[in-house]
Amino acid sequence: MRKGTVRTRTVTALALLASCAAVLGGGGPSGAAPLAAEAAPLSPRAAQAGPCDIYSSVPPSTEDGPAVKAVKARHSLVIGVDQNSFRWGARNPNTGQIEGFDIDLARAIGAAIMGDPNKVVLKPVATADRVDAIQKGRVDLIVRTMTVNCQRMEQVAFSKPYFNITQRVLVPRSSPAKNLDDAITDKTVCAANGSTAATVLKDVKKVAKQVVPVENQLDCLVLMQLGKVDATMTDDGLAAGQAAQDQTVRIVDGEAQPEVIGVAMLKTSPDLTARVNQVLADYYASGAWRSSYERWLKPYMLNDADHYWPGATAH
């Protein structure tokens, strides 16, 4: 049920999305509000609409083309990551190291391509700067919960998708909102610049009283804690992480804009994209993708790994 382009344009459409949502229940470690365990696997390809194919990417390859050779010649692969999203990419205050599901994947890609994990550089990049960081050569890859959509496919190249997501809404536990529609109608809603959530909210701006843009997802959580916004829209993985991180917020029923996320890089480096696709295929086949999901995400999202692996429903 994923769409490559935003189609949520009226209050009615938003309410329909909310009514079809998977329910978030209580319980889970640290009082998190995990995603419902009985939800059916998402099938974004089945109902995909729009001018592009979000699953389209170059075939996997183990060959080193010009882009890969250039990276190896400089002895460093720079990967843009998040350092503020709990369980996806966050800096551990005890070790100072960035860790999480996306970080495991980034390290696996880097080690496979470079043959030496010491030649992999993880560089924090803000949500709004992801495309710019690639286009201006500040990073070689972005592994940072980046949604694949038609607009972005015009700007950068994407790997095959590696995770199914939807947009969800967080509110303070004191909020009376019961669903997505309640949470954003006539409310002040926060979303990160350059995120899919920001695009969704822009299309339903007549619903929200005000949309507050920030540079990073975690800034929205801070604004909610300070009482400066009523709600936050972000993808379900990040929403689950924030709910686990902060016991004063919860995720409401309702979802919007089912999508997939992928690894982003320059459009002029198809051989690098092919190498990344090969690593993704090997990473999943080896069980490492599932193991990383079990470690970082399942305690907070609860669904089995196959629910989130695009390859389970895409052909």
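Since the structure is predicted, the reported quantities are computational estimates derived from the model, not experimental observations.
- Cys190 has its side chain within reach of Val214: a pair of non-hydrogen atoms, C-beta onward, lies under 4.5 Å apart.
- Taking both residues in full, the closest heavy atoms of Met301 and Gly237 are given as CE-CA, 3.8 Å, listed atom of the first, atom of the second, then distance.
- Between Phe86 and Ala244, the closest heavy-atom pair is CE2-CB, 4.0 Å.
- The line from CD of Glu99 to CZ of Arg87 is 8.0 Å long, rounded to the nearest 0.5 Å.
- You'll find the side chain of Val260 stays beyond 4.5 Å of the side chain of Thr147, heavy atoms only.
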Would you please test Val212 and Lys228 for side-chain contact (heavy atoms from CB on, under 4.5 Å) and show each step? CA-CA 9 Å; Val212 177; Lys228 295 185 179 296; over 6 Å; no
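- Between the side chains of Ser286 and Asp282, no donor-acceptor pair is found at a separation under 3.5 Å.
- Using modelled atom types and a 3.5 Å distance limit, the side chains of Asp246 and Gln242 yield no donor-acceptor pair.
- Residues Asp82 and Arg130 are not paired through a salt bridge, judged by the lack of any N-O separation under 4.0 Å between the basic side chain and the carboxylate.
- With rounding to the nearest 0.5 Å, the separation of CG in Asp235 from CG in Asn164 is 11.5 Å.
- Partners of Asp102 by side-chain contact (heavy atoms from CB on, under 4.5 Å), not counting sequence neighbours, listed by chain and number: Trp88, Val143, Thr145, Tyr162.
- The shortest side-chain heavy-atom distance between Val131 and Met146 falls under the 4.5 Å cut-off.
- Shortest non-hydrogen contact noted between Glu63 and Ser61 is N-OG, 3.0 Å.
- Using a cut-off of 4.0 Å between Lys/Arg side-chain N and Asp/Glu carboxylate O, Asp132 and Lys136 are scored as salt-bridged.
- Met265 pairs with exactly one of Asp140, Val276, Val156 by the side chain to side chain contact (heavy atoms under 4.5 Å, CB included) rule, that one being Val276.
- How far CG of Leu223 is from CG of Asp230: 11.5 Å, rounded to the nearest 0.5 Å.
- In this structure, the salt bridge (Lys or Arg N to Asp or Glu O under 4.0 Å) partners of Lys72, at least two apart in sequence or on a different chain, are Asp64.
- A salt bridge links Asp306 with Arg290: the closest approach of a Lys/Arg side-chain nitrogen to an acidic carboxylate oxygen falls below 4.0 angstrom.
- When the side-chain contact (heavy atoms from CB on, under 4.5 Å) test is applied to Gln97, the partners found at least two apart in sequence or on another chain are Thr95, Arg107.
- Under the side-chain contact (heavy atoms from CB on, under 4.5 Å) criterion, Asn216 pairs with Asn84, Ala126, Thr127, Arg144, Asp219, sequence neighbours left out.
- Considering only heavy atoms from C-beta on, Ile79 stays 4.5 Å or farther from Val121 through its side chain.
- A search for side-chain contact (heavy atoms from CB on, under 4.5 Å) contacts involving Ser292 returns Phe101, Asp104, Tyr283, Trp296, not counting sequence neighbours.
- Proximity of Val125 to Val139: side-chain heavy atoms (C-beta onward) are separated by under 4.5 Å at one or more points.
- A donor-acceptor pair is defined here as one N or O able to donate and one able to accept, closer than 3.5 Å; such a pair exists between the side chain of Ser195 and the backbone of Ala192.
- Judged purely by atom type and a 3.5 angstrom limit, Gln135 uses its side chain to pair as donor or acceptor with the backbone of Gln155.
- Checked against the 6.0 Å centroid criterion, the rings of Tyr284 and Trp309 qualify as a close aromatic pair.
- Side-chain contact of Asp236 with Gln167: a donor-acceptor pair under 3.5 Å is absent, judged by distance alone.
- Between Thr273 and Ser57, some side-chain heavy-atom pair lies under the 4.5 Å cut-off.
- Contact between Arg168 and Gly254 at its shortest, heavy atoms only, is NE-O, 2.7 Å.
- With a 4.5 Å cut-off between side-chain heavy atoms of Ile, Leu, Val, Met, Phe, Trp and Tyr, the cluster of Val58 takes in none.
- Thr232 contributes atom OG1, which lies 3.5 Å from atom CE of Met224 (distance to the nearest 0.5 angstrom).
- Partner of Leu272 under the side chain to side chain contact (heavy atoms under 4.5 Å, CB included) criterion, chosen from Val263, Ile113, Leu266: Ile113.
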Leu105/Leu280 under side-chain contact (heavy atoms from CB on, under 4.5 Å): CA gap, chis, key distance, verdict: CA-CA 8 Å; Leu105 176 57; Leu280 282 173; 3.7 Å; yes
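- Taken to the nearest 0.5 Å, the CG atom of Leu238 stands 13.5 Å off from the CE atom of Met233.
- Remark: side-chain polar atoms of Arg250 are paired, donor with acceptor, to backbone N or O of Ser175 under 3.5 angstrom.
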Please test Gln151 against Asn149 for side-chain contact (heavy atoms from CB on, under 4.5 Å), starting from the C-alpha separation and ending with a verdict. CA-CA 6 Å; Gln151 180 181 0; Asn149 61 39; 3.8 Å; yes
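- One finds a salt bridge joining Lys298 and Asp304 here, because a Lys/Arg side-chain nitrogen approaches an Asp/Glu carboxylate oxygen to under 4.0 Å.
- The two atoms that bring Pro124 and Ile98 nearest to each other are CG-CD1, 4.0 Å, heavy atoms only.
- Here the closest non-hydrogen pair linking Ala191 and Cys220 is N-SG, 3.5 Å.
- Between the side chains of Gln217 and Thr234, at least one donor N or O sits under 3.5 Å from an acceptor N or O.
- The main-chain N or O of Lys160 is found under 3.5 Å from a side-chain atom of Asn277 such that the two form a donor-acceptor pair.
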Working note: Phe158 + Ile142, criterion side-chain contact (heavy atoms from CB on, under 4.5 Å); need CA distance, chi angles, decisive distance, verdict. CA-CA 9 Å; Phe158 280 98; Ile142 289 284; over 6 Å; no
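- Val222 and Val189 fall into different hydrophobic clusters, where Ile, Leu, Val, Met, Phe, Trp and Tyr side chains are chained together by heavy-atom contacts under 4.5 Å.
- For the pair Gln257 and Thr196, the minimum side-chain heavy-atom distance is below 4.5 Å.
- A distance of 12.0 Å separates SG of Cys52 from CZ of Arg152, quoted to the nearest 0.5 Å.
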